[in-house]
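Every value quoted in this text rests on a predicted model; they were computed, and no experiment measured them. First the proteins, then the strands, lettered A, B, ... as listed; each starts at 1.
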Protein chains: 2
Amino acid sequence: MASIRDVAKLAQVAPSTVSLVINNKGYVSENARKKVLDAIEKLNYVPNELARNLFRNSTNIIGIIVPDVAHPFFGAFISALEIALYKYNYKIMVCSTVERKNAEHEIVDMLQRQMIDGIIMGCHSLEVELYDNVNKPIVAFDRIINNRIPLIHSDHKQGGKLAAQTLIKAGCRHPLQITGIKNASMSAYSHHVAFKEELAKNGIDVINYEMKWNQFSMKYFKQVAVDVFEKYPEIDGIYGSDMVVCACLGEAHKRKLNIPENIKFIAYDGTFITESGFYNITSIVQQIDLLAAETAKMIVSLIKGKKVVKDKILPVVLRKGDTC
Amino acid sequence: MASIRDVAKLAQVAPSTVSLVINNKGYVSENARKKVLDAIEKLNYVPNELARNLFRNSTNIIGIIVPDVAHPFFGAFISALEIALYKYNYKIMVCSTVERKNAEHEIVDMLQRQMIDGIIMGCHSLEVELYDNVNKPIVAFDRIINNRIPLIHSDHKQGGKLAAQTLIKAGCRHPLQITGIKNASMSAYSHHVAFKEELAKNGIDVINYEMKWNQFSMKYFKQVAVDVFEKYPEIDGIYGSDMVVCACLGEAHKRKLNIPENIKFIAYDGTFITESGFYNITSIVQQIDLLAAETAKMIVSLIKGKKVVKDKILPVVLRKGDTC
DNA sequence: GTGAAAGCGCTAACAG
DNA sequence: CTGTTAGCGCTTTCAC
C-alpha cells in the first residue's frame with residue numbers, strides 16, 4: 001500500500017502538499033499539483049480512510065437497528081434510509097435484533113467506540129438506563145426511549161382513526177383488531193388505541209386479539225389467522241399490520257367468505273405485500289420514504305450539533321383497495 | 001473523551017499496561033490490573049476503535065451490495081448474512097444499486113480505502129475491468145465477475161430442471177417462463193435455460209417472456225402479468241421468480257381461471273411471499289440461510305488469506321404448494 | 001506556496 | 001511484569 005509519504009517522495013514535495021491536493025484545499029502551484037497527481041497515478045495511491053477517521057474522529061457511518069431486515073416494512077425503511085443518508089454522505093450499518101438479542105447493546109457500544117457516528121433505533125428492548133450515559137447522536141424511530149432522545153414516527157392516532165372510519169363507512173359492525181403486545185415504548189401501538197376509541201365513539205365494540213412478542217414469520221401469522229376465525233366466527237372486519245392481514249385474507253378465502261361483502265380488511269403499513277396478492281388490500285400507508293428522509297435529516301442534524309424537535313410526526317394516508 | 005493515557009495516568013501505570021488489560025493479553029499483576037480497571041471505571045473510558053482500526057488496518061466490516069434491500073430475496077439474504085458474519089465478528093455495510101447506480105463503484109472504492117475488509121457482491125453492472133486492479137477480498141454471489149473472484153450460487157440448473165419436471169408431471173403442456181434480461185454475468189439465468197432444455201427433452205415447447213432490466217416494483221410485475229395473459233391466453237403453466245408469479249396468480253384469479261386445474265404456477269426463489277397469499281405457491285426454494293452461511297465463510301477465508309473454491313454450488317429444494 | 005513537525009489513540013517490540 | 005518508544009497514515013497549524 002502506497003502511503004502519502006511515498007507519493008510525496010516520488011513527487012518531490014512534502015506530505016502536506018499531497019494532502020492539500022487530494023483534498024482540494026489551500027493553494028498548490030500548478031506545477032506541484034501536477035507532480036503529485038502523476039505520482040498518485042503511478043503508485044496507484046488510494047488514501048487510507050482509517051487514518052482520516054482517526055484524525056477526524058468520525059467514520060460517516062450511521063448504525064441502524066431494526067427487529068428484522070427481511071420484514072417488508074423495515075426492508076423498505078432501510079432501503080429508503082440508505083438513499084436519504086447517501087445525500088448527506090453517510091453510509092449505513094445494519095443490525096437486526098430478532099435473531100440476535102444483543103445487537104442493541106453492541107450497536108450502542110460501537111457508538112461509544114466511535115465506530116459509528118450515530119444510531120437510528122428502529123427497535124428497542126434494553127433497559128432505558130443504558131441510554132442515560134449515552135450523550136451521542138441517537139434518533140428513535142417509532143420507539144420511545146427517553147425524553148432526551150428525539151422520536152420520529154407516523155401519526156398513528158390519525159392512522160387508527162382513519163382505519164376505523166373506513167371500516168364503519170363500509171358497513172363493518174363487528175370488527176376485530178390484531179395487535180402486538182402492548183408496550184409503553186412502542187409509539188406504534190397507539191393506532192390500535194385510536195382505532196378502538198373511534199369505533200367506541202360510534203357505538204361499535206372491537207375485539208382485541210393480541211399476538212406474541214417479536215414474531216415476524218408468516219407461519220406464525222397463519223396460525224393467528226386460523227385462531228382468529230376459530231374463536232371469532234362472527235366478525236365482519238379485521239384490522240392489523242400487513243402480514244397478519246394477508247394471512248387472515250388467505251384464511252377467509254379458505255373459509256369461502258366473500259370479500260369484502262362478508263368480511264372487510266384494512267392493513268396497517270401498506271408495504272408492497274398489500275399489493276401483491278389477489279386483492280389490493282385497503283391500507284393505512286406509512287410514508288416510508290418521507291419517514292426515512294426526515295429520520296436521515298434528524299440524525300445528521302444531531303451529529304452536526306444542531307437542535308432538533310423532540311417528536312416529529314408525519315401523516316399517514318389511506319389507500320383504497322378491494323378489501324374494504 | 002478519555003484516552004488510554006488518561007487512564008494510565010490515573011492508574012499510575014504505562015499506557016501499554018492499560019492496553020494489555022483491555023485486551024486481556026500478556027501478564028499484568030493483579031495490583032496493576034485492579035488500578036487500571038478502577039481508573040477505566042472512574043473515567044468512563046471506552047477504547048477508541050478508530051485508532052485500533054488504523055493500527056490493524058482493518059475494520060471488521062464487510063460491504064454487501066445488492067440490487068435492492070427491500071426485495072424479499074435480498075432482504076432475507078442480508079438478514080442471514082448479518083447473522084452468519086456475526087459469528088466471525090464482522091458487521092455489515094449495505095448498499096443497493098437500484099436507486100443508486102454508482103453504489104457499486106463506491107463500495108469498491110471503500111474497499112480500496114480500507115474502510116471495509118471485503119465485499120459480497122450480490123449484483124454487478126460495472127465494467128469487469130474495474131476489478132482487474134482490485135486484489136482484495138471479494139465474493140460474488142450469483143454474479144460472474146471474472147475468474148479470480150470466487151462465485152457462490154444455488155444449483156440453478158437443478159432448479160430449472162426440477163421446475164420443468166414438476167410442471168410436466170402436473171400435466172402442463174403449454175408453459176411460459178418469465179425471465180429477466182439474459183446476461184452473461186448472471187449465473188441465475190441458467191435456471192431458465194435448464195428449464196427450457198428439460199421441457200424440450202420431453203417434447204414440450206416453452207414461451208419465453210422477457211422482462212425489463214432491474215425492475216423490482218410490484219407495479220411493473222402486475223403490468224407484466226396482464227401482458228402475459230393478453231398475449232398468450234393459451235398457456236397452462238407459468239414459471240418465474242416469486243414476485244412476478246404472485247402478480248400472475250392475481251391476474252389469473254381475476255380472469256377466473258381455476259388454479260391449478262386450468263393453469264399451474266411454479267415460483268423460483270421461494271421467499272416468504274410465496275407463502276403469504278391465498279395459495280402456497282409451489283416453489284423452487286433457494287436455501288438462503290445456507291447460501292449466506294457459505295458466503296460468509298468464504299469471504300472470511302479470503303480475508304484470512306486462505307484459498308477458497310472458485311465456484312461453490314448449493315442445492316435448491318422443491319417445496320410443493322397448491323399451485324402445481 | 002510549501003515543508004517540518006506534532007499528534008489523533010492505540011498497539012507491539014523491546015528493554016529493563 | 002511494566003515502561004519507553006516508535007509507529008499506523010493522515011491532517012493541520014505554523015514557520016519560512
Side-chain angles (χ1 to χ4, degrees), chain A residues 1-40 43-61 89 109-117 136, chain B residues 1-40 43-61 89 109-117 136:
Chain A
M1 280 286 84
S3 87
I4 203 168
R5 274 169 222 281
D6 303 322
V7 175
K9 203 175 287 174
L10 184 61
Q12 316 214 54
V13 298
S16 54
T17 309
V18 179
S19 175
L20 291 178
V21 172
I22 4 182
N23 296 300
N24 257 319
K25 282 188 182 168
Y27 296 92
V28 180
S29 69
E30 269 319 302
N31 182 29
R33 162 167 279 117
K34 197 178 164 333
K35 283 195 292 181
V36 168
L37 291 176
D38 281 355
I40 286 176
L43 294 174
N44 235 315
Y45 168 76
V46 185
N48 182 327
E49 201 73 23
L50 304 183
R52 284 187 177 165
N53 288 345
L54 173 59
F55 185 85
R56 294 183 325 217
N57 209 27
S58 78
T59 56
N60 280 28
I61 299 175
N89 198 27
D109 205 48
M110 297 187 60
L111 184 64
Q112 307 270 39
R113 291 162 172 274
Q114 330 278 354
M115 270 289 278
I116 53 182
D117 295 351
K136 303 195 136 203
Chain B
M1 280 288 84
S3 86
I4 204 169
R5 277 168 220 282
D6 302 324
V7 176
K9 203 175 288 174
L10 184 61
Q12 315 213 55
V13 298
S16 54
T17 310
V18 179
S19 177
L20 292 177
V21 172
I22 4 182
N23 296 301
N24 258 319
K25 282 188 182 168
Y27 296 93
V28 180
S29 70
E30 269 319 303
N31 181 29
R33 161 166 280 118
K34 197 179 165 331
K35 282 195 292 181
V36 168
L37 292 175
D38 280 356
I40 286 176
L43 293 174
N44 234 316
Y45 167 76
V46 185
N48 183 328
E49 201 73 23
L50 304 182
R52 285 187 176 166
N53 288 345
L54 174 59
F55 185 84
R56 292 185 324 218
N57 208 27
S58 79
T59 56
N60 279 30
I61 299 175
N89 198 27
D109 207 48
M110 297 187 62
L111 185 64
Q112 309 269 41
R113 291 163 171 275
Q114 331 277 354
M115 270 290 277
I116 53 182
D117 294 351
K136 303 195 134 202

Quiz item: For the residue pair A:Ala39 and A:Ala11, what are the closest heavy atoms and their distance?
Solution: CB-CB, 3.9 Å
Quiz item: What is the distance from NZ of B:Lys25 to C1' of D:dC1, rounded to the nearest Å?
Solution: 17 Å
Quiz item: What nucleotide among C:dT2, C:dT11, D:dC1 has an atom nearest to a side-chain atom of A:Val28?
Solution: C:dT2
Quiz item: Are any of the side-chain heavy atoms of A:Ile61 and B:Ile61 separated by less than 4.5 Å?
Solution: yes
Quiz item: How close or far is atom C1' of D:dT12 from atom OH of A:Tyr27, stated in whole angstroms?
Solution: 17 Å
Self-check item: OP1 or OP2 of C:dC8 under 4.0 Å from side-chain N/O of B:Ser3
Solution: no
Quiz item: Counting side-chain heavy atoms from CB outward, which of D:dG3, D:dG9, C:dT11 is closest to A:Asn48?
Solution: D:dG9
Exercise. Mind calculating the distance between CG (B:Asn31) and P (D:dG3) to the nearest angstrom?
Key: 11 Å
Quiz item: With respect to the side chain of B:Phe55, which nucleotide from D:dC8, C:dG3, C:dT2 is positioned closest?
Solution: D:dC8
Quiz prompt | Separation of atom CG in B:Asn23 from atom C1' in C:dT11, rounded to whole Å | solution = 8 Å
Exercise. Measure from CE on B:Met1 to C1' on C:dG9 and round the result to the nearest Å.
Key: 12 Å
Practice problem: Would you mind reporting whether B:Arg56 and B:Gln114 have side-chain heavy atoms less than 4.5 Å apart? | Solution: no
Self-check item: Length of the line joining B:Arg5:CZ and D:dG3:P, which is rounded to integer Å
Solution: 14 Å
Quiz item: Does any non-hydrogen side-chain atom of B:Ile4 lie less than 4.5 Å from one of B:Ile22?
Solution: yes
Self-check item: Sole candidate of A:Leu20, A:Val28, A:Val18 that passes side chain to side chain contact (heavy atoms under 4.5 Å, CB included) when paired with A:Val36
Solution: A:Val18
Quiz item: In whole angstrom, what separates B:Arg52's CZ from D:dG9's C1'?
Solution: 19 Å
Quiz item: Tell me: CG of A:Leu54 to C1' of D:dT12, nearest whole Å?
Solution: 14 Å
Practice problem: Check whether any side-chain N or O of A:Thr17 sits under 4.0 Å from OP1 or OP2 of C:dG3, and answer yes or no. | Solution: yes
Quiz item: B:Ala32 near the nucleic acid: base, sugar-phosphate alone, or nothing, with a heavy-atom cut-off under 4.0 Å?
Solution: sugar-phosphate
Exercise. Answer with yes or no whether A:Ser16 presents, from its side chain, a donor or acceptor under 3.5 Å of a partner atom in the base of C:dA5.
Key: no
